[in-house]
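Single-structure report; data block below.
Nothing here was measured: the structure is a model prediction, and the numbers come from that model. Numbers for residues simply follow the sequence, beginning at 1.
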Amino acid sequence: MSAPTTTPDTTPSSSSPPPARRRARLPRWLPLLVPAVLAVLAVLAVAPPAPLPDDADPARFSAGRAEADLRVVAAEPHPLGSPRQEQVRNHLVSRLEELGARVDVETDQVTTRAWGSPYPVATVHNIVATLPGRAPAEDGALLVVAHYDSAPGAPGAADDGAAVAAMLECLRALGTGDRPDRDVVLLFTDGEELGALGARAYVRRHGVDGVAAVLNWEARGSSGPSLMFEAGEGSARLVRALSETGAVTFANSLSYEVYRNMPNGSDFTAFRDAGTTGLNFAFIEGFHDYHDASDSVERLDRGSLQHHGETMLALTRLLADTPGTLRSGHTAVYFDLFGRLLVDYPVRWASVLAALTVLAFAGSAVHGARRGVLRPGRTAAAAGGVLLVTAAVALAVTAQWWAVLALSPETRALPLHEPYARGGYVAAMACAALALVLAAARAARGRLRPAEWLAGSATVWAVLLCAATVLAPGAGYLFQWPLLAALPALWAAARGGGPAQTASAAAAWLTAPLAVAAVLYAPLADMLLTALGLPLAAVAFVLLCLGALPLLAALGGSPRSRITVPLAAATACALLAATAVRYDYDGARPRPDALVHVSDTAERTFLWVSPDPEPDVWTSRVLDAGARRAPVDHYFPFERPALTSEAPALGIPAPGIAATGERTAAGRRTVDVRITTRRDAWMLQVRLERAAVLECRVGGERLVAADLPEEDGPYLVVQWWGTTAADFSCDTAPGRRLRVDALDLTNGLPKEALALTGPRPGSVAAAPFGYAPTDAAVARGVKTL
């Protein structure tokens, strides 16, 4: 007989644990949404404030009030030495006197090496307006600087009319309250476009001992916020003052590290090189208006003018009432958060903080290795992987740019090859970068743990932090704060929790470091895209990759990556092709071109010369089908082979070359020479063979041939700007003849040439000065004296 069966009691007992309930899992992308939103907000925050109307509070800066002076200053081009510049100068002097400043016009002849191989010589007229302080500081005045000359073909509303008008409005607003304690000097320089000639003349005349600090204001475009992109040595107190003004501020010490190693310059360069400290500001969006005929009042963003002026007024008020020296014994590390908070701290603190952070990271990594969570070989492979991904992104973006030039060759005609339709190209590059990141995550699936991806990424940050702390301290913050934010996740991984095993857990733990990186890197990458242009877009995308390195820990092993990688790659190709489809230039997006007529009596040739890649609808009217590319470096301003074609003689006279004196003494033959233009030329140039001269004296400057840099080549080249006659003297060996190769240049083509070309159609415009030669007429003559 069988035993009776029993039914087990399923009633839960009070002492037994409740049945396990399935824990709800958040989607992996949800924690990553926070850094993405912060990145978008950080980029959108980089914008100028709204302009104030002309009836705003008199104590505040108003772009509406400043616009009245701007319309006078930027009515038409006013380069150095032009009649229009004299009119602008007279207006500025009159307005400054109306506003109660003590005004002086300082005239100096400047001969100095500037930003190219020729030596520029010019007579500059600086306007110096002083607002005396109630208790002038012993350490000097606050110097506020902008230049009032424009590029030859540009009205100069942005560069630098906006800053000039802002200075006038700033002076008016300062007059609504008590006078500041410190003297405030408003310096309107002349000749900045030709090599900061006015600023150099001011430094030579006054020195910098009486200057407490310099605030310089510039523009490289027609819109965007006013960025503080350069700080002088010992500027920590100035940076702190900028943060205390309450003005919307966009600044970071990385831009200082980059800019000080670039060949670019401004008026601030002359003061910085002389040893004073200060801050340099500019807005840089709307690049195609830079130095162009479109740099007009109508094109200028009033918000940019407002931001220039608001910051100028707030900083001037604060610094002019700040007692004591404005120079610090150190330089600061600084960066802004959403333009509303400027974080700054001494470089020495940065070194200590970097050392502590790297040590904490190393401790976490060693602890994780001992517990078996981090495999040293795989962690090193992860570090190599993130570097490989970053390099691959740089190569992919560069390859895309080469593809743009191949698919859309007319882009080569644009200044710095910067295309009008940049949005589509940036989106294509972003899709290509995303495809590479996703591909790397998929390739490492099953091989690397999320914690190892994280540790590898942190290793890269740590190495870069150490390198930046030693080589470029101002850049260290980019790696310092994301690495510090990643330490909790690294410690949790070392203990075997958090992101140790699963990508889902990694996504949650990585929210903090990714959020910090998003706030720091996204707006900076956007600024770099604007500042460097698409030809150097790889720099911005490398920066973005460095900020997004931990993403690989969260994305590793995603099953959807099998679809998303080819989808992202296909989208990149489609966007690139669609954007690069050849489009017709129009009035809103004109094709820049240039045409120069050369009358060379020395060679008895007459040429049309154009630096353009190929003839366009306008230049082809005179550049015949046989136009060929040939070296024309003996004509200003061409340094590269250009398109040349025979031209008719237009009766343009060559400059006069005459010896005004000759003597032999002490084993040297000295020849005094005068070059004169026989037409209304803007520039005179002379080329002398270095082998033929011992030394020359030009405008009070002694130029010794043996001391000139070798990269200058076999010629000594001197240019006189804004004058009809040039005098110099040279020493040669006794009996040695002096061959004087001279030319003069006018801005724009003469009416005889325009009768042959006809007017430009709306789809083309004169090339902007400074990036490519613009329309001109050149006459050359050679004489042996």
**OP:** Before accepting this row, confirm whether a basic side-chain N of the pair Glu614/Arg629 lies closer than 4.0 Å to the acidic partner's carboxylate O.
**Re:** no
Original post:
Are Thr107 and His125 close enough that a side-chain donor and a side-chain acceptor fall under 3.5 Å?
Top reply: yes
Original post:
Taking all non-hydrogen atoms of both residues, which atom of Gly161 and which atom of Val73 are closest, and how far apart?
Top reply: CA-CG1, 4.3 Å
Subject >> Arg739 (side chain) donor-acceptor with Glu689 (main chain) under 3.5 angstrom >> reply: no
Show every donor-acceptor pair shorter than 3.5 Å between a side-chain atom in residues 776-785 and any protein atom, with sequence neighbours excluded, or say none if there are none.
{"from": "Arg780", "atom 1": "NE", "to": "Asp741", "atom 2": "OD1", "distance (Å)": "3.0"}
{"from": "Arg780", "atom 1": "NE", "to": "Asp741", "atom 2": "OD2", "distance (Å)": "3.3"}
{"from": "Arg780", "atom 1": "NH1", "to": "Asp600", "atom 2": "OD1", "distance (Å)": "3.3"}
{"from": "Arg780", "atom 1": "NH1", "to": "Asp600", "atom 2": "OD2", "distance (Å)": "2.9"}
{"from": "Arg780", "atom 1": "NH2", "to": "Asp741", "atom 2": "OD2", "distance (Å)": "2.7"}
{"from": "Lys783", "atom 1": "NZ", "to": "Ile657", "atom 2": "O", "distance (Å)": "3.2"}

**OP:** Please find out if less than 6.0 Å separates the ring center of His288 from that of Tyr420.
**Re:** yes
**OP:** Identify the two heavy atoms, one from Leu80 and one from Gly191, that lie closest to each other, and give their separation to 0.1 Å.
**Re:** CD1-CA, 3.5 Å
Original post:
For Asp586 and Ser763, does a side-chain donor sit closer than 3.5 Å to a side-chain acceptor?
Top reply: no
**OP:** Give a yes-or-no answer on whether the side chains of Ser729 and Arg697 include a donor-acceptor pair shorter than 3.5 Å.
**Re:** yes
**OP:** Say whether Ser408 and Glu410, considering side chains only, have a donor N or O and an acceptor N or O under 3.5 Å apart.
**Re:** yes
**OP:** Evaluate the side-chain proximity of Glu646 to Phe606: yes if any heavy-atom separation is below 4.5 Å, no if none is.
**Re:** no
Subject >> side chain to side chain contact (heavy atoms under 4.5 Å, CB included) partners for Arg604, two or more places apart >> reply: none
**OP:** Not counting sequence neighbours, list each pair that qualifies as a salt bridge (charged side-chain N to carboxylate O under 4.0 Å, His left out) and has a residue in residues 615-624.
**Re:** Arg591-Asp616
**OP:** Kindly write out the residues that satisfy ring-ring contact (aromatic ring centres under 6.0 Å, His included) with Tyr256, not counting sequence neighbours, or none if the list is empty.
**Re:** none
**OP:** Looking only at non-hydrogen atoms, find the nearest pair between Asp295 and Asp159 and report the distance.
**Re:** OD2-N, 3.3 Å
**OP:** Answer yes when Asp108 and Arg205 have at least one side-chain N-carboxylate O distance shorter than 4.0 Å, and no when they do not.
**Re:** yes
**OP:** Would you please indicate if the ring centroids of Phe728 and Trp720 are separated by under 6.0 Å?
**Re:** yes
Original post:
Among side-chain atoms of Asn280 and Asn216, is any donor-acceptor pair under 3.5 angstrom?
Top reply: yes
Original post:
Taking 4.0 angstrom as the limit, do Arg679 and Asp744 come out as a salt bridge?
Top reply: yes
Original post:
Are side-chain N/O atoms of Thr189 and Asp267 paired as donor and acceptor at under 3.5 Å?
Top reply: yes
**OP:** Go through the structure and list residues passing ring-ring contact (aromatic ring centres under 6.0 Å, His included) with His78, not counting sequence neighbours.
**Re:** none
Original post:
With a 4.0 Å cut-off, would you call Glu695 and Arg668 a salt bridge?
Top reply: yes
Subject >> Flag if over 12 foreign heavy atoms under 6.0 Å of CG, Asp273 >> reply: yes
Subject >> Pairs where residues 752-767 contributes a residue and the test salt bridge (charged side-chain N to carboxylate O under 4.0 Å, His left out) is met, not counting sequence neighbours >> reply: Asp593-Arg760, Arg760-Asp775
